[in-house]
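I have placed the structure first, in the form of structure tokens, so that the comments after it can refer back to it.
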Amino acid sequence: MAPPRTRTVKARPAAGANPAAAAAAAAASRRINNSSAIERAPHVLDPEGDANAEVSMEVDQETVDAKAWIKENVEQEVARIEATGTKITSMKVKNFGVVVDLSRKKPTAINRIEIDTTFDFKKVQQIMVSPGVSYPHKENFEYVNVLLFTDNTEPPMIVPYLYDTKFKTQEPVEEPEDGSSIATTEENNRPWINVKNNLTEWLLVNSQHMRARHHIDEFHDI
């Protein structure tokens, strides 16, 4: 990956955050989130309940070459960060997904990552995201490294993430008030809408299906 740019937010670091680790990792990332885990109940289309298979992406279903490409990019990022003297933990990702928040004026993507660990991601205090690079194994997809920080007692974690830069979904169909079923023709003719994804909304899920929502407020170059 090309040497990344860096960004941070104006807000002060969260209490207990590790300034030294954050500064070192900033050399490999561009965005930082200082908000704590938040719980929201937006009107969403969730990959766990949506019939559209393109919403969710299983890592194990990728080709051998694709998985090798992801592994190589993670290892390069780990090596870059560890060269600064900072320890970092590489986490295994089970799948990537997009949850569509329809409660806003424009549909917004919530970036969902299911990670193979029992770690409670509500403990995450900072998130950094590297600049996106084109993913050669899927059209319109980009790859980023996501760095997760807790406090100065644990090293930061790194997880890979892939997302569709031209993601679309169909408008939901409102259930008839009389309880009758929706006509198949009406359901299939729902208009397609673009889903904005600026990588500010995150949903982290562990192997015990514990979920943590995080939000990035604002980006600034550093």
Side-chain angles (χ1 to χ4, degrees), residues 1 25 28-29 31 33 37-42 44-79 81 87-101 108-130 132-150 154-165 167 169 195 197 199-216:
M1 294 175 66
S29 304
R31 295 171 180 161
N33 165 32
I38 56 176
E39 293 294 338
R40 292 181 180 175
V44 301
L45 297 179
D46 194 313
E48 293 176 348
D50 198 300
N52 182 359
E54 294 181 359
V55 173
S56 187
M57 177 178 173
E58 298 289 335
V59 178
D60 286 344
Q61 293 178 1
E62 291 296 280
T63 65
V64 173
D65 287 345
K67 286 188 284 189
W69 188 93
I70 295 172
K71 183 174 182 289
E72 179 183 0
N73 277 271
V74 170
E75 289 176 347
Q76 288 178 354
E77 199 81 335
V78 168
I81 294 171
K87 292 183 178 180
I88 188 163
T89 303
S90 180
M91 308 295 285
K92 181 182 178 182
V93 171
K94 297 172 69 175
N95 62 66
F96 314 106
V98 172
V99 180
V100 184
D101 184 351
T108 301
I110 301 173
N111 300 281
R112 180 185 185 279
I113 310 179
E114 185 174 350
I115 304 168
D116 192 11
T117 179
T118 58
F119 179 81
D120 182 2
F121 289 105
K122 288 183 180 179
K123 295 180 180 179
V124 169
Q125 296 178 357
Q126 296 180 333
I127 296 177
M128 291 184 176
V129 184
S130 69
V133 296
S134 179
Y135 180 57
H137 300 281
K138 265 191 173 63
E139 187 178 5
N140 299 325
F141 271 71
E142 283 197 351
Y143 171 90
V144 295
N145 287 307
V146 182
L147 302 183
L148 308 173
F149 295 82
T150 54
E154 300 179 57
M157 296 164 280
I158 182 171
V159 294
Y161 182 64
L162 295 167
Y163 69 103
D164 188 348
T165 59
F167 182 75
T169 190
V195 179
N197 191 352
L199 300 179
T200 60
E201 306 296 333
W202 295 90
L203 174 60
L204 307 176
V205 185
N206 70 10
S207 58
Q208 296 178 332
H209 303 290
M210 295 172 60
R211 301 152 74 95
R213 277 277 283 114
H214 291 271
H215 168 72
I216 296 176

d(F149 CZ, E154 CD) to nearest 0.5 Å is 12.5 Å
Query raised in the report: Does any non-hydrogen side-chain atom of L162 lie less than 4.5 Å from one of E142?
Result: no
Review point. Stepwise, does the side-chain contact (heavy atoms from CB on, under 4.5 Å) test hold for F96 with R112?
Key: CA-CA 6 Å; F96 314 106; R112 180 185 185 279; over 6 Å; no
side-chain hydrogen bond (donor to acceptor under 3.5 Å, both in side chains) filter on N206, not counting sequence neighbours, yields none
Interatomic distance, CG@D116 vs CG@N95, rounded to 0.5 Å, equals 10.5 Å
The reported gap from OG1 in T150 to NZ in K123 (rounded to nearest 0.5 angstrom) is 8.0 Å
CA sep, side-chain torsions, deciding dist, call: V146, I158, side-chain contact (heavy atoms from CB on, under 4.5 Å): CA-CA 6 Å; V146 182; I158 182 171; over 6 Å; no
Look at R213 together with E201 and state whether they make a salt bridge at an N to O cut-off of under 4.0 Å. yes
Checklist entry - Heavy-atom distance under 4.5 Å between the side chains of D164 and V98, does that happen here? => result no
Closest non-hydrogen atoms of S90 and V78, given as atom of the first, atom of the second and distance, are CB-CG2, 4.5 Å
To the nearest 0.5 Å, atom CD1 of I110 lies from atom CG of D101 at 4.5 Å
Checklist entry - So, S130 side chain and N145 main chain: donor-acceptor pair closer than 3.5 Å or not? => result yes
Value for CE (M128) from CD1 (I216), rounded to nearest 0.5 Å, stands at 10.0 Å
Check your understanding: Taking it one step at a time, do F119 and F121 satisfy ring-ring contact (aromatic ring centres under 6.0 Å, His included)?
Key -> CA-CA 6 Å; F119 179 81; F121 289 105; 5.2 Å; yes
task = Step by step, work out the side-chain contact (heavy atoms from CB on, under 4.5 Å) result for E114 and V93.
result = CA-CA 6 Å; E114 185 174 350; V93 171; over 6 Å; no
Exercise for the section: Apply side-chain contact (heavy atoms from CB on, under 4.5 Å) to F167 and N197, showing your working. Expected result: CA-CA 8 Å; F167 182 75; N197 191 352; over 6 Å; no
Here the gap from W202 atom CH2 to Y161 atom OH, rounded to the nearest 0.5 Å, amounts to 5.5 Å
Practice item. Report yes if the side chains of L204 and R211 come closer than 4.5 Å at any heavy-atom pair, otherwise no. Key: no
The salt bridge (Lys or Arg N to Asp or Glu O under 4.0 Å) partners of E72 (sequence neighbours excluded) come to none
| Does the side chain of N111 reach to within under 4.5 Å of the side chain of L199, using non-hydrogen atoms? | yes
